[in-house]
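Order of the sequence lines fixes the chain letters, A, B, ..., with proteins taken first and strands second; residue numbering starts at 1 for each chain.
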Amino acid sequence: MPELPDVEGFRRVAAEHVIGRRVTSVRVHDASVVQGVSARRFRELLRGRHVGQPRRHGKWLLLPTSGSAAGEGDGLPCLMVHFGMTGMLLWCSVDADPHQHDRVVLVFTDGELRYRDMRKLKGMVLARSEVDVEAVLGELGPDAGQVSRADLRDRLTRTRRQLKSALMDQSRIAGLGNLTVDETLWRARLHPQRTTKELDESQWKSLYRAMRFVLRESSAAGLVPDRPSWLTGHRDDADGRCPRCSTTLRHQQIGGRTTVWCPHCQSRPQG
DNA sequence: ATGTCTGTTTCCTA
DNA sequence: GTAGGAAACAGACA
């Protein structure tokens, strides 16, 4: 699931329920998702602290904490969460049924924040300092929702990779995933195997505007919507057709990921 | 039962 | 620098 829009949805869940609230207790049901510190230390460091303004960079969600509700300066540690392929963040009542894949739970007085993840492909890091935070985020490019058109172009033209792979590369642009990239390329009418080197000015504009549109709409929904008018609404159809021209969609592994595009709308690479 | 698939990332090889 | 494969993990599905 989780690409930028999904994580943005999780950020809103956290913002709605736990800003300024005190963590009354922490449950670690599966210590293997907690990186760097022991489960015990993890609990000690978070219990009693107050949650600050949740942030997101790419696919990472950051929950800063402070010693009091007022947030008086001691702004660390910061809980950094990555959702891998199947992770999610849920706000539940304290007596909600336990779930097999709830790995870590932050308990508050009026409810609890559950990190649920079936496949434990990633996990969470408890950053103890700004240096810790930067060690994680420093690997990433600018957030896809914040990057300027000029910066996007600059970063993508530094590679000779095909568009699909380049856009998926978190160290170039952070936040795009398999669905958002396919949707963006379809809207920009660009073939996923084209090279960034061959794009002209108008194509860069299209790409950027398509990306902005996809991220804005998807973030509002908290997921890439599978609406009929979107490519994503047809990628799992047995005989998926392009919502624009009804051509049968093409499926192929590109850069190791299932890629869907319209062979009519998205013209092939040169040569 | 076995193999294949999956909205992620990382590590290794050629 | 780049592509491809496998692996981490835990399923669902044919």
Stem regions touching DNA chain C, defined by at least 3 consecutive Watson-Crick or wobble G-U pairs below 3.5 angstrom: B:2-6 with C:10-14, B:8-14 with C:2-8

Please classify the nucleic acid contact of [X] as base, sugar-phosphate, or nothing, using heavy-atom distances under 4.0 Å.
| X | result |
| --- | --- |
| A:Gly256 | nothing |
| A:Glu139 | nothing |
| A:Thr232 | nothing |

For [N] and [M], measure between their [atom1] atoms and round to the nearest Å.
| N | M | atom1 | answer |
| --- | --- | --- | --- |
| B:dG3 | C:dA6 | P | 14 Å |
| B:dG7 | C:dT2 | C1' | 24 Å |
| B:dT8 | C:dG1 | C1' | 23 Å |

Check the pair A:Leu207, A:Leu190 against side-chain contact (heavy atoms from CB on, under 4.5 Å), reporting the backbone distance first and the verdict last. CA-CA 8 Å; A:Leu207 178 65; A:Leu190 292 168; 4.0 Å; yes

Atom-pair distance (CZ on A:Arg103; P on C:dG11), nearest Å: 7 Å

Drop me the distance from A:Gln193's CD to A:Ser165's OG, to the nearest 0.5 angstrom. 8.5 Å

Any chance you could measure A:Trp60, atom CH2, to A:Met124, atom CE, to the nearest 0.5 Å? 9.5 Å

Contact residues, residues 33-42 of chain A to DNA chain B [heavy atom, < 4.0 Å]: none

Does a salt bridge link A:Arg11 with A:Glu16, judged by any charged N lying under 4.0 Å from a carboxylate O? no

Got a donor-acceptor contact below 3.5 angstrom from the A:Lys59 side chain to the A:Pro2 backbone? no

The side chain of A:His82 is closest to which nucleotide in this list: C:dA10, C:dA3, B:dT8? B:dT8

